[in-house]
Amino acid sequence: MNPFVATERLYASKLKSYSPVMVKLGLCNMSIKLSKRVLIKYLFEKGKIGNEYVVAGWVDALRIHGGVVFIILRDRSGKIQIVAKKNVAKSAWESAKELSVESVIAVRGELVSSKAALGGRELLAKELVVLSRADPLPIDVKDYEKTILAKRLDWRYLDLRNPRNLAIFLIEAEMARAAREWFYSHDFVEIFTSKIVGAATEGGAEVFSIVYFDKPAFLAQSPQLYKQLGVIAGFERVFEIGPAFRAEPHHTTRHLTEYTSLDLEMGFIDSYEDVMNIVEDLIKYMVTKAISKYKSEIEEYFPNAIADLPKKVPRITIREAYKLLEQAGMKVEWGEDLSTEAERKLGEIIEKEYGSTLVFVIEYPWRVRPFYTMRKPDEPEWTLSFDLLFRGLEIATGGQREHRYEVLKRQLEEKGLNPKNFEWYLNMFRYGAPPHGGAGIGLERVVMQALGLPNIREARLLPRDPERLVP
RNA sequence: GCCGCGGUAGUAUAGCCUGGCCUAGUAUGCGGGCCUGUCAAGCCCGUGACCCGGGUUCAAAUCCCGGCCGCGGCGCCA
């Protein structure tokens with residue numbers, strides 16, 4: 001049995017009986033059975049000219065003439081032209097000429113070859129049933145550029161009827177799948193940590209407050225402390241793909257208040273170099289898998305997408321970065337974090353000098369890094385940490401963590417945090433904690449930079465920003 | 001949070017600076033008509049809008065003030 005038909009029969013077998021709604025709609029009386037449905041792709045790959053098939057999907061386009069109606073029907077596998085002719089099947093033609101774009105229909109028809117039709121085949125309708133008629137559309141589904149992003153997001157489910165916008169999420173899903181595959185094959189254990197927390201994890205980014213019965217609580221801004229728990233507990237290597245929340249009122253094209261964080265943490269490392277090796281390998285695997293699987297979609301819809309990734313990702317210290325930026329005529333503050341403009345500029349410089357769209361910037365100043373970061377033994381003002389920039393935008397942060405109890409406690413206090421709030425966390429380091437490190441990767445940012453999207457909201461199914469909470 | 005730009009039919013825009021000729025233009029959508037090979041179908045007819053409140057003026061889409069909403073830059077971050 002061919003895989004397309006098999007999938008559809010699997011669905012059908014779950015529908016043991018018709019629902020009262022179907023009876024009311026008269027769907028039980030129609031001679032088209034959705035259980036006999038084949039995917040459109042099947043008609044082009046395996047369909048026999050002259051045979052009858054049932055297809056169903058959305059009306060992608062409509063061209064209504066006098067005695068003939070052309071319908072471009074779309075399902076998840078592709079598109080095919082349906083022809084309804086008055087002198088072939090009058091009732092099918094009558095239904096067809098009353099259709100609207102994006103309505104859902106089922107068609108029984110004969111597969112015929114046609115020089116004029118796309119792909120050389122079309123379906124000559126014998127019977128056509130309107131399963132759900134669509135009202136006039138509030139946004140332009142055919143050409144997404146004709147509607148501003150804010151309105152598209154208000155009607156996200158219609159926006160995704162556009163294959164370009166849907167492709168973003170197919171690619172994102174493939175990246176996440178590839179990441180999991182990579183982690184599992186490298187002996188990492190997937191963990192699922194709580195997103196409701198009693199204390200802010202890092203003290204840096206703003207957190208969302210929630211009410212947890214009678215206690216104050218927060219939405220987790222990062223699984224940082226819990227993935228360290230995983231390592232110390234004895235998993236040694238853990239990862240998590242989950243949401244992270246940031247209550248920063250950003251108005252930019254690269255921030256979300258809720259995003260997907262791809263986190264990893266590993267024990268028994270010699271240095272943060274080990275973590276960078278892992279991150280480099282992982283990112284390459286994720287991105288390469290996705291862009292090769294969706295090569296044709298990317299060529300068709302994303303002119304600014306990257307073609308491939310560099311073989312070797314350069315690693316430069318932030319002090320070298322300051323120098324490069326100064327040489328390029330930019331004013332930089334030594335010992336400070338890189339500004340947005342500086343990161344962008346650095347991305348350009350590295351791409352020109354090293355031919356790489358990716359760059360690790362290492363040894364960030366202690367004053368801009370969180371308390372758990374391990375400092376450079378010989379130069380304590382600098383840290384064993386890194387950021388990964390992709391086309392001038394930070395997509396990952398990581399480093400080696402401080403695992404020595406006394407040092408960690410001192411660093412916590414130095415950052416002005418109250419050790420009482422971190423008691424459970426500090427205690428972990430009293431009962432055997434291996435040297436370890438890890439990183440966090442922003443999934444939407446990877447997608448955005450890989451595809452060259454102008455706004456990160458495009459890479460999030462239902463984005464949350466300071467204003468947007470619906471849908 | 002600070003700063004800047006904007007809000008005109010379902011959608012996208014013109015008009016605003018320099019108030020009147022705006023009965024608000026165009027494209028697309030939508031409704032109707034003609035059409036049996038279209039493929040962004042075509043042709044004809046029709047439909048539909050100045051964010052809200054206040055002010056200035058003989059006169060406001062246009063100028064001023066307030067509000068709401070949207071977009072972007074920065075800081076910060078993934």
Side-chain angles (χ1 to χ4, degrees), chain A residues 60-72 79-88 93 96-98 100-102 112 114-119 122 124 134-155 158-159 202-207 221-224 243-263 279 283 336-344 364 368-370 387-390 393-398 439-449 454-457 459-460 465-468:
Chain A
D60 196 72
L62 258 181
R63 289 182 274 280
I64 301 167
H65 295 234
V68 60
V69 177
F70 298 96
I71 302 161
I72 307 300
K79 295 177 188 176
I80 191 169
Q81 174 160 283
I82 310 286
V83 189
K85 289 183 175 172
K86 190 179 179 181
N87 64 5
V88 172
W93 167 79
K97 71 186 175 69
E98 300 302 323
S100 59
V101 171
E102 293 303 320
V112 295
S114 157
K115 273 182 218 133
L118 211 72
E122 62 188 17
L124 183 59
D135 282 348
L137 303 176
I139 61 169
D140 196 322
V141 170
K142 290 241 90 59
D143 186 352
Y144 75 95
E145 283 179 311
K146 291 208 168 135
T147 309
I148 57 170
L149 183 58
K151 278 225 166 72
R152 285 169 46 203
L153 294 174
D154 288 339
W155 300 93
L158 290 178
D159 183 46
E202 309 184 18
E206 293 292 324
V207 290
Q221 54 173 265
S222 150
Q224 180 59 37
F245 305 91
R246 303 278 164 96
E248 303 272 358
H250 307 112
H251 289 93
T252 77
T253 52
R254 60 187 185 283
H255 287 93
L256 296 164
T257 52
E258 182 185 18
Y259 69 94
T260 302
S261 184
L262 216 150
D263 269 274
V279 169
I283 288 277
E336 289 294 328
D337 208 344
L338 298 174
S339 69
T340 307
E341 194 193 353
E343 286 185 347
R344 213 174 288 135
Y364 274 79
V368 304
R369 288 281 157 162
D387 272 9
L388 177 60
L389 307 187
F390 187 14
L393 178 70
E394 200 177 320
I395 58 161
T397 298
I441 300 165
L443 180 62
E444 291 86 354
R445 283 197 174 178
V446 177
V447 174
M448 170 166 95
Q449 294 306 86
N455 193 316
I456 198 164
R457 291 172 182 87
R460 177 100 192 157
D465 62 33
E467 279 78 32
R468 183 171 292 276

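Proteins come first, then strands; the chains are lettered A, B, ... in the order of their sequence lines, and each starts at number 1.
Between Lys142(A) and Val101(A) the shortest side-chain heavy-atom distance does not fall below 4.5 Å.
The nearest whole Å value for the distance from the NZ atom in Lys146(A) to the P atom in U13(B) is 12 Å. Rounded to whole Å, atom C1' of C76(B) lies 16 Å from atom CG of Asp465(A). When rounded to the nearest whole Å, the span between CD of Glu145(A) and P of A12(B) equals 13 Å. Between the CG atom of Leu389(A) and the P atom of A78(B) there is a distance of 12 Å, given to the nearest Å. If you measure from atom NE2 of His65(A) to atom P of C35(B), you get 13 Å, rounded to the nearest angstrom. The interatomic distance linking Glu248(A) (CD) with C74(B) (C1') rounds to 13 Å, in whole Å. Protein atom NZ of Lys142(A) is 15 Å distant from nucleotide atom P of C39(B), rounded to whole Å. In this entry the distance linking CG of Asp263(A) with P of A78(B) reads 10 Å, nearest Å.
When the P atom is used for both C21(B) and C68(B), the distance is 33 Å, rounded to whole Å. Nucleotides G15(B) and C22(B), compared at atom P, are 15 Å apart to the nearest Å. For A14(B) and A27(B), the C1' atoms lie 11 Å apart once the distance is rounded to whole Å. U11(B) and C51(B) have their P atoms separated by 13 Å, given to the nearest Å.
Residue Thr253(A) places at least one side-chain N or O under 4.0 Å from the OP1 or OP2 atom of G73(B). Side-chain N/O atoms of Thr340(A) include one lying less than 4.0 angstrom from OP1 or OP2 on G75(B). Put simply, Arg369(A) has no side-chain N or O that comes within less than 4.0 Å of OP1 or OP2 on C77(B). Contact annotation: Asn455(A) side-chain N/O to G72(B) OP1/OP2 distance is under 4.0 Å. Put simply, Arg457(A) has a side-chain N or O that comes within less than 4.0 Å of OP1 or OP2 on G72(B). Contact check, Thr397(A) against A78(B): a side-chain N or O comes under 4.0 Å of OP1 or OP2. Note on Arg344(A): every side-chain N or O is 4.0 Å or more away from OP1 and OP2 of G73(B).
Nucleotide C43(B) forms a Watson-Crick or G-U wobble pair with G33(B), both donor-acceptor distances falling under 3.5 Å. Partner assigned to C50(B) is none, using Watson-Crick or G-U wobble distances below 3.5 angstrom. U11(B) is paired with A27(B) under the Watson-Crick or G-U wobble criterion, all donor-acceptor distances under 3.5 Å. C17(B) is unpaired under the criterion used here, namely a Watson-Crick or G-U wobble arrangement in which both key atom distances are under 3.5 Å. G75(B) makes up no base pair with any nucleotide shown, lacking Watson-Crick or G-U wobble contacts both under 3.5 Å. Searching all strands for a Watson-Crick or G-U wobble partner of C5(B) with both distances below 3.5 Å returns G70(B).
Not a single donor-acceptor contact under 3.5 angstrom links the side-chain atoms of Lys151(A) to the base of G70(B). Looking at Ser114(A), its side chain comes within 3.5 Å of the base of G37(B) through a donor and an acceptor atom. A donor-acceptor contact under 3.5 Å links the side chain of His255(A) to the base of C76(B). Between the side chain of Glu341(A) and the base of G75(B) there is no donor-acceptor pair of N/O atoms closer than 3.5 Å. Side chain Asp140(A) to base U28(B): no donor-acceptor pair is found below 3.5 Å.
Classified by interplanar angle (parallel below 30°, tilted 30° to 60°, perpendicular above 60°), the ring pair Phe70(A)/His65(A) is perpendicular.
Mapping Ala150(A) and Glu394(A) onto RNA chain B by nearest heavy atom places Ala150(A) at the nucleotide closer to the 5' end.
Ranking A78(B), C76(B), U36(B) by closeness to the Asn87(A) side chain, first place goes to U36(B).
Where stacking is scored as ring centres under 5.5 Å apart with planes under 30°, Phe70(A) does not register as stacked on the base of G37(B).
Looking at Asp140(A) and Lys151(A), no side-chain N of the basic residue comes within less than 4.0 Å of a carboxylate O on the acidic one, giving no salt bridge.
Residue contacts shown for Glu343(A) include a base, since a base heavy atom lies under 4.0 Å away.
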